[in-house]
Structures are given as structure tokens and as C-alpha cells.
Amino acid sequence: MSVLALETRGLSKSFGGFKANTDVSLKVQAGARHALIGPNGAGKTTFINLLTGVLPATAGSVWLQGEDVTTISPQGRVRRGMARTFQINQLFNELTPLETVGLAISERTGFGAQWWRRIGTNSAVVDEAAELLMRMRLGDVMLRQTKVLPYGKQRLLEISLALACQPSLLLLDEPAAGVPEDERHEILDIVTALPESVTVLLIEHDMELVFTFADRISVLVQGMLFAEGSVEEISNDPRVKAVYLGEEAHV
Ligand code: ADP
Ligand code: MG
């Protein structure tokens with residue numbers, strides 16, 4: 001059997017007396033398009049924070065491609081192939097997508113922040129950045145300032161930035177949140193079309209997008225794994241429907 005891209009064993013997180021994640025044991029196959037769904041407050045973002053090491057787990061372990069990374073720093077996990085989307089800050093707003101992604105690639109390849117000055121001598125960084133941005137359908141806007149881009153394009157740039165680390169596992173926490181309806185499908189289409197060498201774990205609230213995207217779905221409710229299965233199994237599971245029924249008002 002092939003090595004799992006990601007596995008958690010009994011992963012738990014308490015904030016004081018409140019249990020945000022309880023005994024979560026999840027397996028993500030290499031190359032999967034795996035979705036993690038659940039009502040607001042179910043503990044999905046907390047789970048991602050435990051995976052990336054932003055928060056220490058209260059109990060349990062995280063395994064990345066067969067390696068126990070539970071005590072490894074967030075940066076160490078990135079180096080081992082785990083990437084998540086970044087929030088774009090003020091600095092990046094002033095830069096173009098080409099500069100932003102170029103910066104990330106040159107960090108990875110060891111050129112550091114000097115890369116833009118070396119543009120004449122090292123076009124490999126620029127070529128890789130441009131190629132990635134074209135794949136993410138940002139080619140036509142890659143020379144504009146990030147702050148003038150439509151929100152959906154900015155979210156695609158966040159994903160591009162994560163991909164610049166050449167991850168084997170991409171963690172996406174509601175990448176289409178706040179994006180207008182007509183741009184949401186584009187984001188998910190692009191993520192779906194990523195090469196199989198990139199395993200994707202997606203948190204998404206829009207069920208239609210989840211059912212189009214995923215080949216495997218796990219459902220988290222009140223910090224616990226509640227159900228898991230194929231799109232067909234989850235979409236027909238009356239218990240899952242019941243969980244979401246009370247939610248529909250604010251989906
Ligand atoms: P989801 O992403 O599924 O909406 P979260 O993981 O953001 O859920 O939150 C799960 C629960 O944990 C919520 O009740 C939230 O208030 C709580 N929580 C999240 N982070 C913290 C924190 N740093 N301190 C205390 N409680 C937190
Ligand atoms: Mg969340």
C-alpha cells in the first residue's frame with residue numbers, strides 16, 4: 001500500500017475546558033482531493049492549525065508522508081511538503097503577482113530577497129513564477145498591483161504562493177469564502193486541475209463545490225469525526241443532512 005499523504009492519530013485540542021478537536025483520526029491518500037466539511041464552529045480551522053503546527057496539539061499525532069511531524073515547527077513542516085494558503089498582507093498588496101510569487105520561489109531556492117535585482121542574471125525564478133501564474137489563470141494580471149485585482153484573483157494568488165513552495169500536500173481553508181458566486185467555480189476548477197503529485201485537503205462550506213471537487217469527504221461535528229465516505233455516500237447520508245439542516249439559514 002502506498003504511503004499516506006497525511007494521517008492524524010487521536011488528534012485533540014482543548015482551549016481551557018473547551019474541546020475544539022477530540023480524538024480525530026483521519027487518513028488522506030496520496031493524490032486525493034479530500035474535503036473536510038462541518039458546521040460553523042465544528043473545529044475545522046483548529047484542525048488545520050494542528051496540522052500545520054501553528055497550534056500545539058493537546059494529544060495525538062500528525063504524520064506527513066509517513067513521518068511523525070507532531071513536534072516539528074511550522075517551517076519544518078513546510079520544508080517537508082506541507083503548505084497552506086497565506087493571508088495577503090499590506091506588503092504584498094503593493095507588489096505584483098509576479099513579484100510576490102517570484103519572492104516565494106527565490107526564498108525556496110535560496111536566492112532570498114535579492115532576487116529582483118538579479119533578474120538579469122537569473123531568469124529561472126521569473127520563468128517559474130510566470131509559468132505557475134499562467135497555470136493559475138493569473139497570467140493576464142501578473143504585472144498589475146495585487147491590490148487592484150478582483151478578490152477572486154487575490155485568493156488565487158494566495159494559493160499560487162502556497163504552490164510556490166512545491167508542496168506535496170496543500171491545505172485550503174475556505175479558499176472561496178467571500179468570493180462572488182461566478183468566480184468560486186473557477187477557483188475550485190483550478191485547484192481540481194492541479195497535478196496528482198499535490199494532495200489537496202479542502203475545507204469548504206459550499207456543498208455544491210465540495211461535491212464537484214472531492215473524491216473523499218470527512219465530516220467534523222463538534223470537534224469529532226462524524227462521518228466519512230465518497231461523495232455519493234456523504235451526499236446521501238441522512239445523518240449528515242440532519243446536521244446541515246439547521247445550518248442552512250446562514251450558509
Ligand atoms: P470552524 O473552522 O469549523 O468554524 P474553529 O476551529 O474555528 O471552527 O472553532 C472551533 C471552536 O473552537 C469554536 O467554538 C471556537 O470559538 C473555538 N476556538 C477556536 N480557536 C480558539 C482559541 N484560540 N481559543 C479559544 N477557543 C477557540
Ligand atoms: Mg473555520
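This structure is a prediction, so every number in the text was calculated from the model and none was measured. Counting starts at 1 for both ligands and their atoms, in listed order.
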Checklist entry - Hey, mind stepping through Asp23 and Leu11 against side chain to side chain contact (heavy atoms under 4.5 Å, CB included) and telling me if it holds? => result CA-CA 5 Å; Asp23 202 19; Leu11 203 59; over 6 Å; no
Next on the checklist: Please evaluate residues Phe47 and Leu26 with respect to the criterion side chain to side chain contact (heavy atoms under 4.5 Å, CB included), reporting the C-alpha separation (whole Å), side-chain torsions for both, the decisive distance (0.1 Å), and the verdict.
Outcome noted: CA-CA 11 Å; Phe47 183 68; Leu26 182 81; 3.7 Å; yes
Next on the checklist: Does Glu186 form a side chain to side chain contact (heavy atoms under 4.5 Å, CB included) with Lys153? I'd like the steps, not just the answer.
Outcome noted: CA-CA 10 Å; Glu186 187 186 19; Lys153 297 276 181 193; 4.2 Å; yes
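Using a cut-off of 4.0 Å between Lys/Arg side-chain N and Asp/Glu carboxylate O, Arg108 and Glu128 are scored as salt-bridged. A salt bridge links Arg184 with Asp206: the closest approach of a Lys/Arg side-chain nitrogen to an acidic carboxylate oxygen falls below 4.0 angstrom.
Protein heavy atom in closest approach to atom 12 (O) of ligand 1: Phe18 CE2, 3.3 Å. Nearest protein neighbour of atom 23 (N) of ligand 1, counting heavy atoms only, is Phe15 CE2, 3.4 Å.
Distances from atom 5 (P) of ligand 1 to the heavy atoms of Asp173, Ile37, Asn40, Thr46 show the closest one on Thr46. Relative to atom 7 (O) of ligand 1, the option among Asn21, Thr45, Ile203, Leu36 with the closest non-hydrogen atom is Thr45. Looking at Gly41, Pro39, Gly43, Ala20, it is Gly41 that brings a heavy atom closest to atom 4 (O) of ligand 1.
Under 2.8 Å from the Mg ion (ligand 2), one finds the following protein N/O/S atoms: Thr45 OG1.
Atom CG in Leu202 sits 9.0 Å away from atom CG in Leu36 (nearest 0.5 Å). Thr8 contributes atom OG1, which lies 12.0 Å from atom CG of Leu64 (distance to the nearest 0.5 angstrom).
The only member of Lys44, Arg84, Lys13 that meets side-chain hydrogen bond (donor to acceptor under 3.5 Å, both in side chains) when paired with Asn49 is Arg84.
Contact check for Leu4 versus Val28: no side-chain heavy atoms found under the 4.5 Å cut-off.
Counting heavy atoms closer than 4.0 Å to ligand 1, residue Phe47 contributes nothing at all.
Using a 4.0 Å threshold on non-hydrogen atoms, atom 15 (C) of ligand 1 does not count as touching the protein.
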